[in-house]
Amino acid sequence: MSSRRTPHSTTTDDFDQEDDFIESSAGPDRSIKTKRLVLDLLGRWYWISLGLILGTLGAAYYLSKAPKKYSATSTLLIKQQTASVMGRDQVEEIDMRTMEGLNTVAERIRRFDLLEKVASRVDVRSLPGLMPQEVDWVPEWLGSWIHRSEKNQTSPSGGDAATKTAAPAPAALAGWLGSWMSISIRRGTRLLDISFEHPVPEVAKNLADAIAREYMAEIAGTLTEGRSSQTETLLKQSEEARAKLQAAESALATYGRALEIHTALDSMETVCAQLGRRYLPKHPKMIAATSELTSLKARFMEEFDGAVASPADAAYWKTSLAEIRAAGVDPEARLRVARQLMLARIGVLKGETASQMTVFNSMLTRLEESNVNRQGEESGVEVSSFARVPGGPISPVANKVYAGGAAGGLALGTLLAFFLVRLDNKFHTVAQVEAESGLPVLCAVSEIELRHLSQAIRAASKQGPLAPASSLQDSWDPHLLFRPGTLATNFAEMFRILRASVSLLGDESKRKVTMFSSALPGEGKSLISTNFALAAAGQGRKTLLIDLDLRKPSIHRVFGRIRSEQGPGITEWLAGQASLEEVIVRDVGADNLHVIFSGKRAPNPGELLNTGHLKKILAQACRDYDVIVLDTAPILAVSDTRTIAPLADNVCLVVLAEYVPKGAIRRTLDIFEEDDTQISGIVFNGFKERHRLM
């Protein structure tokens, strides 16, 4: 139902947010929410289509402005199986039969110093069109409008438009060369492709050849120098290993005699221990064995002192004799320390000897391999093919650009549609209301425009004379539909549907009281309740309409009455100043319809709406009428309706399309749930028929 959409006074932040309703058994599950989101997005297909169109137009504009790029490729063949000339600082040989070796060659070509050498060449720096012109992405008409200077256009063929801009410094140009160059390895081969992309095809060809030639020249110069340097390094290392080996062997030889006596000493100690278990110390065998042991100990100490004094290992014992001195004059203690130190030193010298022998043998092997590699090998790299002038551009590819533009535009349009869906916190369709509230929509009342009613009245008058309208109907609000000329309209039929929906809620004799309310002011609940009352009265049922919105009553305005000129109303009856018969207005211009207006302004509406008084008036009304319609205040504006709702048999919530925030409806449903009040259904007011996928 159409109504004046005045701004509501509620400022609660929850009303301005799009919040999902609390999950419940009646609410939508996750799959339904996902489906709703998809349908909401499809319902905004025009934004998605706009994004698709803009993306395609952007791709077309990009193709009109972007310079064409040409690619030229020179190919190198890596011949040798092993490469030891990759650089002076190379330590290990690299097997060119592996991807590791080929990737190393590729990285050597990418070196900045090699690119800087190419950038320093006169033939490279003098190439026409070497430095591409900056692309002016501003449209020509916009450029002229803002008085831009005349732009130079770069021709993709590199002809007249290839300007003679001076090349930058070699270091800066080397950076450009690196950005234009790419190196790839052909699968299953040892071929390296050096490719250059450039807006001028001749420049791309010359740069690819220049890099290949410069690298070949570097390899040729490094080969001999690298071999000589490597041989010198190997010879030096082998001599160092030989000297260390000889020193270790010489030091080890000084302990040979002492080690033999030490071995005999170990054996004699074992013999003495065995004899000591069988004989007494005075036994001749024990005396002989002890004498031999003493002699061996003395001889060992003599040989040990001689080895320590030997120049071959004197440097070691300068720092190790402290332990022997610490033993003092006790010969047994000195003997024990000497034996331990000698055995430890011999172990170290044996390990060092073995290690130096391994190093020395390795040096000899590498020298031999180096001599073999040197024979008959001039270079491990050659040019397989030089670059050719490309015949056609490789980019931009129109199909890919259009596909990318369309995909990007489609994604942008979908994202915009999703953003608008998330920002949209109003109700637009019946399906939205039912899905997000979990309540049935009893009736969808479309927006009624007065011009449509005027057209309906004129069309009805052409078919025959209209029934005369009462003088009271002339002052009715034009949106009241049950009068001559508008009874047969689809608008009136919507309220007949509402009447039928309410009647199907249960036994009409037991569900006489129907209450209409809304979350916020301005949702058209008063016109909805009045038209519903007229629809019920038009069915021949005795109907009573009560205006219980005591703070901002509007039923009297709907019937064209002035509040101050009305007699007592519901306010006076609740205050005990008038009887029910005195407040009922029986002549409002419609048969079977009686109305109780609000009456005078109440200073304390909340106190007047006493549950006991309301039960009394409703009980009396139920005895006299078939249908009682209650027009109440908005739920969120005041608390009066919460007192009235439990007394109604049918509670109908009016929701104005594209007006009330979803958060307001959520809060309203929470209030009814807190009060344990069952809502019968929703009247979706102001509905506009649209072709939406919802």
Does NZ or CZ of K205 lie under 6.0 Å from the centre of the six-membered ring of F196, at an angle within 45° of the ring axis?
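That pair does not qualify as a cation-pi contact.
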Could you state the interatomic distance from [atom1] ([X]) to [atom2] ([Y]), rounded to the nearest 0.5 Å?
{"X": "T353", "Y": "I346", "atom1": "OG1", "atom2": "CD1", "answer": "11.5 Å"}
{"X": "T73", "Y": "E197", "atom1": "OG1", "atom2": "CD", "answer": "9.0 Å"}
{"X": "I78", "Y": "E382", "atom1": "CD1", "atom2": "CD", "answer": "9.5 Å"}
{"X": "L114", "Y": "I211", "atom1": "CG", "atom2": "CD1", "answer": "5.5 Å"}
{"X": "W47", "Y": "L415", "atom1": "CH2", "atom2": "CG", "answer": "13.0 Å"}
{"X": "L130", "Y": "N206", "atom1": "CG", "atom2": "CG", "answer": "10.0 Å"}

Below 4.5 Å, heavy atoms only, C-beta onward: do [X] and [Y] meet side chain to side chain?
{"X": "L76", "Y": "V105", "result": "no"}
{"X": "Y215", "Y": "S74", "result": "no"}
{"X": "L207", "Y": "L127", "result": "yes"}
{"X": "M131", "Y": "L173", "result": "yes"}
{"X": "D266", "Y": "R339", "result": "yes"}
{"X": "E218", "Y": "R111", "result": "yes"}
{"X": "R257", "Y": "E260", "result": "yes"}
{"X": "L259", "Y": "L343", "result": "yes"}

Between [X] (side chain) and [Y] (backbone), is there a donor-acceptor pair under 3.5 Å?
{"X": "R125", "Y": "A119", "value": "yes"}
{"X": "S120", "Y": "E116", "value": "yes"}
{"X": "S355", "Y": "G351", "value": "no"}
{"X": "S64", "Y": "Y61", "value": "yes"}
{"X": "D209", "Y": "A387", "value": "yes"}

Grab the two heavy atoms, one from [X] and one from [Y], that are nearest each other, plus how far apart they are.
{"X": "A210", "Y": "V124", "answer": "CB-CG2, 4.0 Å"}
{"X": "A72", "Y": "P390", "answer": "CB-CD, 4.2 Å"}
{"X": "V200", "Y": "G129", "answer": "CG2-O, 3.7 Å"}
{"X": "G175", "Y": "F112", "answer": "N-CE1, 4.1 Å"}
{"X": "T254", "Y": "A307", "answer": "O-CB, 3.5 Å"}
{"X": "A258", "Y": "F304", "answer": "CB-N, 4.3 Å"}

Might you confirm whether atom CZ of F419 has over 12 heavy atoms from other residues, nucleotides or ligands at distances under 6.0 Å?
no
Answer yes or no: are there more than 12 heavy-atom neighbours, outside R388 itself, under 6.0 Å from its atom CZ?
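Atom CZ in R388 is not packed in, count stays at 12 or less.
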Run through K426, K662, R666 and flag the one making a salt bridge (charged side-chain N to carboxylate O under 4.0 Å, His left out) with E436.
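Among the candidates, only K662 passes.
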Check R110 with E107, please: is the shortest side-chain N to carboxylate O separation under 4.0 Å?
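Yes, E107 and R110 are salt-bridged.
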Electrostatic pair E302:R299 at N-O distance under 4.0 angstrom:
no
If a pair satisfies ring pair (Phe, Tyr, Trp, His ring centres under 6.0 Å) and one of its residues is in residues 386-416, list it, with sequence neighbours excluded.
none
What class does the angle between the rings of W180 and H198 fall in, given that below 30° is parallel, 30 to 60° is tilted and above 60° is perpendicular?
perpendicular
Can you name the salt bridge (charged side-chain N to carboxylate O under 4.0 Å, His left out) partners of E352, sequence neighbours left out?
none
